Amino acid sequence: MIFQGPRPPLWPGLPLAFALSLGVASVGASLTDIGPWYLALRQPDWKPPDIAFGPIWTTIFTLCAVSGWLAWYAAINRAERRALILVFACNAVCNVLWSYLYFTLQRPDWAMLEWVALWLSVLAVVLVLRRIAPAAGWMNLPYLVWVSAAGLLNLATVELNGPFG
């Protein structure tokens with residue numbers, strides 16, 4: 001179905017996309033406590049330095065905002081826009097839930113189980129956006145790569161420090 005009526009204006013949606021992305025990032029960051037518990041965990045030798053995580057996540061959330069905005073503008077009907085809202089909302093919940101399980105509850109083992117849902121939600125973002133606006137979908141590949149690496153890091157942390165609870 002071809003979009004009926006005038007296309008929405010391109011620029012006004014970008015600040016909203018950044019606000020939503022920043023909101024999710026802020027909630028996740030508020031649940032991330034790099035305190036004594038975390039610092040006492042044994043980590044694999046290949047773990048990136050903690051200082052790298054901020055710039056990596058900032059890049060990922062920036063790419064999510066821009067790609068979401070581009071896909072929203074490219075969507076030709078309400079069904080595509082609903083799909084965008086659904087995949088980003090599911091991904092936001094999974095992203096925040098992982099931080100809550102890992103850092104707030106101090107349960108990397110539970111976070112590892114939830115990581116599967118997080119990874120699948122990122123894959124869904126890539127696939128849905130790619131169908132609507134191919135460039136927007138590809139912009140989320142770094143997110144998929146990072147969450148894949150984070151899953152390996154999460155697994156190594158569980159293996160080096162478990163059992164938890």
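All values derive from a computational prediction rather than experimental measurement.
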Using only atom types and a distance under 3.5 Å, with no angle test, would you say the side chain of [X] pairs donor to acceptor with the backbone of [Y]?
X    : Y    : value
N154 : A150 : no
T104 : L101 : no
T62  : T58  : yes

Could you walk me through whether W69 and L16 pass the side chain to side chain contact (heavy atoms under 4.5 Å, CB included) test, one step at a time? CA-CA 9 Å; W69 167 70; L16 176 61; over 6 Å; no
So, taking the atom named [atom1] in [X] and the one named [atom2] in [Y], what distance separates them when rounded to the nearest 0.5 Å?
X    : Y    : atom1 : atom2 : answer
C64  : N95  : SG    : CG    : 8.5 Å
L31  : L97  : CG    : CG    : 9.5 Å
D109 : E114 : CG    : CD    : 12.5 Å
L41  : N161 : CG    : CG    : 4.5 Å
R107 : L113 : CZ    : CG    : 9.5 Å
L39  : W37  : CG    : CH2   : 10.0 Å

Please determine whether residues [X] and [Y] belong to a single hydrophobic cluster, defined as Ile, Leu, Val, Met, Phe, Trp and Tyr linked transitively by side-chain heavy-atom distances below 4.5 Å.
X    : Y    : value
L22  : V24  : no
F18  : I56  : no
V145 : L155 : no
I51  : I34  : no
V116 : L153 : yes

So F103 and Y38, would you call those rings parallel, tilted or perpendicular, with 30° and 60° as cut-offs?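 Judged by the thresholds at 30° and 60°, the geometry between F103 and Y38 is tilted.
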Please state whether the rings of F61 and Y143 are parallel, tilted or perpendicular, taking 30° and 60° as the class boundaries.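 Plane angle between 30° and 60°, so tilted.
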Is [Y] close to [X] at the side-chain level, that is, under 4.5 Å between some pair of heavy atoms?
X    : Y    : value
V147 : W98  : no
L152 : W46  : yes
W110 : F164 : no
T157 : Y102 : yes
W72  : F88  : no

Can you see which heavy atom on [X] is nearest to which on [Y], and at what distance?
X    : Y   : answer
A52  : P48 : CB-CB, 4.4 Å
E80  : A74 : OE1-O, 4.3 Å
A75  : R81 : CB-CG, 3.7 Å
N140 : S67 : ND2-OG, 2.9 Å
P142 : I60 : O-CD1, 4.4 Å

Show which side-chain atoms of residues 117-134 pair as donor or acceptor with protein atoms under 3.5 Å away, not counting sequence neighbours.
residue, atom, partner, partner atom, Å
W119, NE1, S148, OG, 2.8
S121, OG, N91, ND2, 2.9
S121, OG, L118, O, 2.7

For E159, which residues count as a side-chain hydrogen bond (donor to acceptor under 3.5 Å, both in side chains) partner, sequence neighbours excluded?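 Partners of E159 by the side-chain hydrogen bond (donor to acceptor under 3.5 Å, both in side chains) criterion come out as none, since no residue qualifies.
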